[in-house]
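Everything below concerns the one structure shown next.
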Amino acid sequence: MRRLNLVALSVPVLLLAGCSGEGPEYGYAIPERICDVNVPASVVQPLLPPGKAVKENLRGTPGESQSCGVIVDERVDLSVSFSRQTGELDIAHEADDDYVDLKRVSLGGVVNSAAVADDGAVAWMACSPKPNQPQYETPETQTGKYTHLVLEVRAGDGVNKPKDIEEWRAHIEKFLRAYVPELVKAWCA
């Protein structure tokens, strides 16, 4: 499998939101931005458990890679990573060993390959960097022109999954379908 240059989760923890009127189970506001990308709270909420507080850790190189985890009561319940890549890859095939029961989905548009699993989702999309973002893997020699973006999503750790795994997968797919267009707006020329 081709090694993807994704950044691991860690480093500074940034408070996303405080308390809200979400109801008795949610003592926090559902995030509407994950990894600096807009996403409707309605597609985020089913992937997060009830709790008292939510935080996001964020790490990466602006315009090149981003990695973050949404932490509910000190446990990462949703993580998103994306990074620039060169060339084309069938991520639905390449990531098969990294996810539970990964199955292809068609997202169309700039997405070359995508899949949803019991524990997350992946997408590989054509994406030229915006002018103010890094253009090459090796800027000094202008080699390794970035042409694609890979997105990896990890959802839940088995604690908050519904008994109906198909429903859970549907929530993950809905998140993927909402997140990709906003990621493309933010990161692609």
Side-chain angles (χ1 to χ4, degrees), residues 1-9 31-40 42-44 46-47 58-70 78-139 141-156 165-189:
M1 179 175 154
R2 180 176 174 183
R3 191 148 193 53
L4 305 177
N5 77 20
L6 297 181
V7 180
L9 296 177
E32 293 184 7
R33 284 183 67 80
I34 296 177
C35 274
D36 291 330
V37 174
N38 295 326
V39 63
S42 62
V43 300
V44 176
L47 300 178
L58 181 63
R59 181 182 175 138
T61 304
E64 193 165 6
S65 65
Q66 201 80 14
S67 182
C68 59
V70 178
L78 177 64
S79 65
V80 175
S81 299
F82 44 89
S83 67
R84 299 268 177 219
Q85 300 294 319
T86 60
E88 193 166 334
L89 180 74
D90 182 355
I91 194 68
H93 174 73
E94 293 295 324
D96 191 46
D97 292 339
D98 298 332
Y99 288 85
V100 176
D101 198 19
L102 193 65
K103 293 180 182 166
R104 283 183 191 278
V105 295
S106 176
L107 299 182
V110 299
V111 178
N112 304 72
S113 175
V116 174
D118 293 356
D119 54 349
V122 293
W124 189 273
M125 61 205 81
C127 176
S128 296
K130 291 186 174 194
N132 64 335
Q133 296 172 331
Q135 303 291 311
Y136 300 94
E137 279 183 317
T138 312
T141 60
Q142 292 192 346
T143 57
K145 177 84 172 144
Y146 290 129
T147 57
H148 289 76
L149 192 64
V150 65
L151 167 65
E152 292 191 87
V153 177
R154 294 287 179 169
I165 198 66
E166 290 307 314
E167 178 185 358
W168 178 247
R169 291 173 68 96
H171 290 310
I172 294 170
E173 183 174 341
K174 190 172 182 181
F175 175 86
L176 182 68
R177 288 182 183 282
Y179 198 84
V180 165
E182 294 300 317
L183 177 60
V184 168
K185 282 183 202 173
W187 278 60
C188 303

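Between the Y179 side chain and the I34 main chain, a donor and an acceptor come within less than 3.5 Å of each other. Without hydrogens or angle criteria, N112 side chain to L89 main chain gives no donor-acceptor distance under 3.5 Å. Under the 3.5 Å distance criterion, the side-chain polar atoms of Q66 are left unmatched by any main-chain donor or acceptor of E64. Between the T147 side chain and the G87 main chain, a donor and an acceptor come within less than 3.5 Å of each other.
The heavy-atom pair separating S83 from L149 by the smallest distance is O-CD1, 3.2 Å. Across all non-hydrogen atoms, the minimal contact from W124 to E88 is NE1-CA, 3.7 Å. Of all the heavy atoms in V39 and A178, the pair that sits closest is CG2-CB, 4.4 Å. Considering every non-hydrogen atom in both W187 and R84, the closest pair reads O-NH2, 2.6 Å. Nearest approach of G120 to I172, heavy atoms of both residues: O-CG2, 3.5 Å. Residues D118 and W168 approach most closely at O-NE1, 2.9 Å, considering heavy atoms.
Each of V110, I91, L107 was scored for a side chain to side chain contact (heavy atoms under 4.5 Å, CB included) with M125, with one residue passing: V110.
Between L78 and V153 the shortest side-chain heavy-atom distance falls below 4.5 Å. Within the 4.5 Å cutoff, no side-chain heavy atoms of Y146 are placed close to those of Q135.
Residues S81 and S67 bring a donor and an acceptor atom of their side chains to less than 3.5 Å of each other.
Note that the OG atom of S65 and the CZ atom of F82 stand 8.5 Å from one another [nearest 0.5 Å].
Taking 4.0 Å as the cut-off between side-chain N and carboxylate O, E173 and R169 do not count as a salt-bridged pair.
Residue pairs that meet the salt bridge (Lys or Arg N to Asp or Glu O under 4.0 Å) test with at least one member in residues 103-113, sequence neighbours left out, are D90-R104, D101-K103. Sorted by first and then second residue, the salt bridge (Lys or Arg N to Asp or Glu O under 4.0 Å) pairs involving residues 125-136 (not counting sequence neighbours) form an empty list.
Residues that satisfy the side-chain hydrogen bond (donor to acceptor under 3.5 Å, both in side chains) test with T141, not counting sequence neighbours, are T143.
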